[in-house]
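Okay, structure first, notes after.
Whatever order the structure lists ligands and atoms in, that order sets their numbers, starting from 1. Note that the structure is a prediction, hence the values are computed from the model and not measured. All residue numbers refer to positions in the sequence shown, counting from 1.
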Amino acid sequence: MTEPTHGLAHELAHCTLTQLGDLLDRREVSAVELARCYLDRIERHRALNAFLDVRPEITLGQARAADERRARGERGALLGIPIAHKDVFVTRDWNTTAASRMLEGYRSSFDATVVDALAQAGMVSLGKLNCDEFAMGSSNENSAYGPVRNPWDHGAVPGGSSGGSSAAVAARLAPVATATDTGGSIREPAAFTGVTGTKPTYGRPSRWGMIAFASSLDTAGLLTQTAEDCARVFNAMLGFDPKDSTSIDRPTEDYTRFLGAELDGVRVGVPKEFFADGLEPEVEAAVRTAIGELERQGAKLVEVSLPSAALGIPVYYVVASAEASSNLSRYDGVRYGRRAEAYGDLLDMMRKTRAQGFGAEVKRRILVGTYVLSHGYYDAYFLQASKVRRVIAEEFRQAFAACDVIAGPVTGGVAFGFGEKSADPVAMYLSDLYTVPGSLAGIPAMSVPCGFGRAGRPIGLQLMANHFDEARMLGVAHRYQQATDWHARVPAGV
Ligand code: GLN
């Protein structure tokens, strides 16, 4: 086959993953051509700073292998489709830094289970994506390698911590990107960049080889153009992993099975606490219009209540920081990555290594986490937060007795500008108001593009479902995307 022309490459990049799969099946394009098309776009959009490590020769090798599998008659929805991975998934062929100086140049000896499963399915990796350092942040401004720009407005943040993933999919530098969500890091960037971002049930995707931030919350997921694309990739990505002690041993399922389902009779819960102070009118209007569209298609709206959801922020920042302080103790200058160059004794080496290797936000979390776990404060903070976490989960359980999915905003406002919140950690933490409750409960949740606000910046609709009900949630999102075209809009210059 001939090299795709510039025009064809442009058209290819605007296809969904599902459409690319059809083109590969019909042999209208090869995996190598697809890989070249995206590598070329990544190069041309370097100003976004979405990628941290790109190695064309390895990508093209994987693409050639996918073409050979197809030539031998093998078929598969993902065989030959490009993907890019957030830099918290360890990879053998690309560096893994978690966007930290601490792991600069670090190379893992194995691939994360998620990366491996997708490679087995024939996906071709385009490389590693920028993010907030150790996935701590809501704007990508905490990356040690510079912030990512929002493709809709280069003066706005792309969201965080998965800002490289969201910007890459929004700018069509990859048809799909992996990401991780601990308190909203998939949904908030998806909302800020007008793409679809989905976090499955905690424990459904493997955490093996995912650099740990807060182990009881960390969940792998995806940024895609559509819910349909997400369902197809979930089919290969989610499943039991004996190497992860919190992985859930349940039979595999087909996440596309609700894509044809009508909304007739589906009960959509609208939590009244999600439409209170802090929600900007333009976001409220877009989200209410989207919920109205679900109703127009036959869904039944029910009011639900999550009275403790507002406590999500303090609870999350106690629990997540506590777990982070423990998880990050492994970066001691001995086992992984960086070691300070000049030091005295062992303690001095560790001190200097950690002082030089970690950025300000990571240090802040380690300090807060160590404090709330220390003797005398454990009961007052960590234990108390754990109890309230239980209450929040219980409130969701009760809400799901009355509805099938919950709908609401993802963020209070559209993407903010660089520097607008970075000097005030509490203002930054408040961006997670609507996303942390679902994380604390461990339920599946997603952001679906539903409009635009100030300065043409995108708005997201959040959908949440009960544990293990991600297929139904994706089905509702799919119906919405069949009736609207917000997800198909692209930024100027893309
Ligand atoms: N913004 C939240 C934080 O900084 C969530 C991060 C995440 O989900 N990884 O902790």
List the steps and the verdict of salt bridge (Lys or Arg N to Asp or Glu O under 4.0 Å) for Arg457 and Glu282.
CA-CA 11 Å; Arg457 297 178 189 173; Glu282 61 182 15; over 6 Å; no
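- Among all heavy-atom pairs drawn from Lys199 and Ile443, the shortest one is NZ-O, 3.0 Å.
- Protein residues are said to neighbour a ligand when one of their heavy atoms lies under 4.0 Å from it; for ligand 1 these are Ala135, Met136, Gly137, Ser138, Ser161, Asp181, Thr182, Gly183, Gly184, Ser185, Phe213, Tyr316, Tyr317, Arg365, Asp432.
- In terms of modelled atom types and a separation under 3.5 Å, the side chain of Asp116 and the main chain of Ala112 share no donor-acceptor contact.
- Relative to the six-membered ring of Phe452, Arg489 misses at least one condition, a distance below 6.0 Å or an angle of at most 45° to the axis.
- Under 3.5 Å, the side chains of Thr246 and Tyr202 contain a donor-acceptor pair of N or O atoms.
- Geometrically, Arg365 does not engage Phe213 in a cation-pi contact, judged by NZ or CZ lying under 6.0 Å from the ring centre and within 45° of the ring axis.
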